[in-house]
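Sequence lines set the chain letters: A, B, ... in the order given, protein chains first and strands last, and positions in each chain run from 1.
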2 protein chains.
Amino acid sequence: MNQFHILENRFPGRRAALKRDILEQALYCFIELGVEATTIDAIKARCETSVGAIYHHFGNKEGILSALFFAAQDDQRQHLDQELANTNSLREAVYSVICSYLDWVVANPEWARFLYQARSAVAKGPFQEELKDRNAKGFRELKAKLLGFGNESNSIVQPFEIVISLIVGPSENYCKAWLAGRVQTSPRDYREEFAESAWRSLQR
Amino acid sequence: MNQFHILENRFPGRRAALKRDILEQALYCFIELGVEATTIDAIKARCETSVGAIYHHFGNKEGILSALFFAAQDDQRQHLDQELANTNSLREAVYSVICSYLDWVVANPEWARFLYQARSAVAKGPFQEELKDRNAKGFRELKAKLLGFGNESNSIVQPFEIVISLIVGPSENYCKAWLAGRVQTSPRDYREEFAESAWRSLQR
DNA sequence: TTCGGTAAAAGAAGATTATTCTGTTTTTGC
DNA sequence: GCAAAAACAGAATAATCTTCTTTTACCGAA
């Protein structure tokens, strides 16, 4: 299972072979050169195809970027949902959110780096509505799950608006630092610290 | 005191008038249209100057971006240093870091939005070394301050690598959400919650 | 005040790159 | 096997960053 299983899962079949290849080489370029600095020509050269084929499949550069972005985001969310499905208490749920996040980043560092880099571009581009809808949906579902543990949810004494920030803020911040090389220790090594800190920060 | 006092402080005098104006109009464009979408032509049009003048002063688009970015970052850090100077305990220091951050973002929302947007571009561009040096210096100074409270510093029971993430992670995450319009309540209203949560997350 | 040098400013020309468009080949459904 | 649709190719276009040359303004020293 290489780092491109995400694409194979999401664009399966023989018909989509070139489409997958374009995305694969584009991701490589985005990571290697940065989103802004990769040219259509560079992608074209790497998969030995034509600009026509690229524009036929994706419309424009944003189209490639967004397809990659949503594929990665879907995979990350799928991973979260799997972890979250087995939880039976609020505390377990909080732990799941943190751990699935840290695990996914460590398992897919290139994709994670790309997600961080591409977010702002997608948020402004032609797919901004789709991004908003997806984020809103994810937020809604997570909120429902966290508040769905009956009485126990009273242990969240913070205004819910800031709960998500309290839970994922530190992990996200550390993962970015790790992907940028500013810290060396794998985020996985701090699973307990981040999860326990998040849990306690929800209480008073 | 308008939102451009930051530029007036940092590029004073009559000789720098056009330089300031270019930066001002560029910031307006970056905020309005996004960093990527603003063209040299758009900036040129807004300050009624020539491409020659712009390139004379800043070399290239990155030059404008970096000058703005560093000006904002300096102002933010200056604000932090002021707050931090008066602290006499670890707890006070942690509170200062959080509150000065939240206050600055609320006082300068356009600059804050710009800082978030421009960071990745500066981190890849020709000023990446300067950015690294600045960040390293800031990190070093903050670490020294936090660990400089003698015995009391033992109340930090977390590995120091993750301490910064625990302190500013949630605030940063919430501020981004606020600037993007995903939440409505001003970060200032949650000063206590973020500061208190951060303080407790450092202990065990 | 004038002179010479340096900085500032203008704008045309060049180079790069995203995108469009037209034509050709391949695949698919019948 | 055939028409229609999709896939693909690549030249032409348009937008935009950057460079280069020329002109203008400023400023200290003779």
- Rounded distance (Å) that lies between atom C1' of D:dC26 and atom CG of B:L18: 15 Å

- Quickly work out the A:L65 CG to C:dT19 P distance and round it to whole Å. 11 Å

- For the atom pair CZ (A:F30) and CG (A:L65), what is the distance rounded to the nearest 0.5 Å? 5.0 Å

Side chains of residues 161-172 of chain A: which donor-acceptor pairs under 3.5 Å do they make with residues two or more places apart or in other chains?
residue: A:E161; atom: OE1; partner: B:T185; partner atom: OG1; Å: 2.6
residue: A:E161; atom: OE1; partner: B:Y190; partner atom: OH; Å: 2.6
residue: A:E161; atom: OE2; partner: B:T185; partner atom: OG1; Å: 3.1
residue: A:S165; atom: OG; partner: B:N173; partner atom: OD1; Å: 2.9
residue: A:S165; atom: OG; partner: B:Y174; partner atom: N; Å: 3.4
residue: A:E172; atom: OE1; partner: B:N173; partner atom: ND2; Å: 3.4

- Item | Given C:dA10, C:dT28, C:dA9, the nucleotide with the shortest approach to the side chain of B:H57 | C:dA9

- Message: I need the CD1-C1' distance between B:I22 and C:dA8, as an integer number of Å.
- Response: 10 Å

- Query: Charged N to carboxylate O below 4.0 Å: is that the case for B:E110 and B:R113?
  - Reply: no

- Item | Distance test, side-chain N/O of B:H56 to OP1/OP2 of C:dA10, below 4.0 Å | no

- Task: Can you tell me the distance, in whole Å, between the CZ atom of A:F58 and the C1' atom of D:dC8?
- Result: 14 Å

- Message: I want to check one thing: is the phosphate of D:dA9, taken as OP1 and OP2, less than 4.0 Å away from some side-chain N or O of A:T49?
- Response: yes

- Note on the structure: A correct 5'-to-3' footprint of nucleotides 12-20 of chain D, with B, S and - meaning base, sugar-phosphate only and no protein heavy atom under 4.0 Å, is ----SSBB-

- Round to a whole Å and report the spacing from CD1 of B:I54 to P of C:dG11. 12 Å

- Of the listed nucleotides C:dT28, D:dC8, C:dA8, the one nearest the side chain of A:A53: D:dC8

- Item | Between CG on residue B:L80 and OH on residue B:Y101, distance to nearest 0.5 Å | 11.5 Å

- Give a yes/no on whether any side-chain N or O of A:R14 is located under 4.0 angstrom from OP1 or OP2 of C:dT28. yes

- Item | Check ion pair B:E196-B:R91 (N to O, under 4.0 angstrom) | yes

- Salt-bridge test for B:R20 and B:E24: reply yes if a basic N is under 4.0 Å from a carboxylate O, no otherwise. no

- Item | salt_bridge(B:R134, B:D74) N-O dist < 4.0 Å | yes

- Measure the distance from NZ on A:K44 to P on D:dG10 and round it to the nearest whole Å. 8 Å

- Item | OP1 or OP2 of C:dT28 under 4.0 Å from side-chain N/O of A:R15 | yes

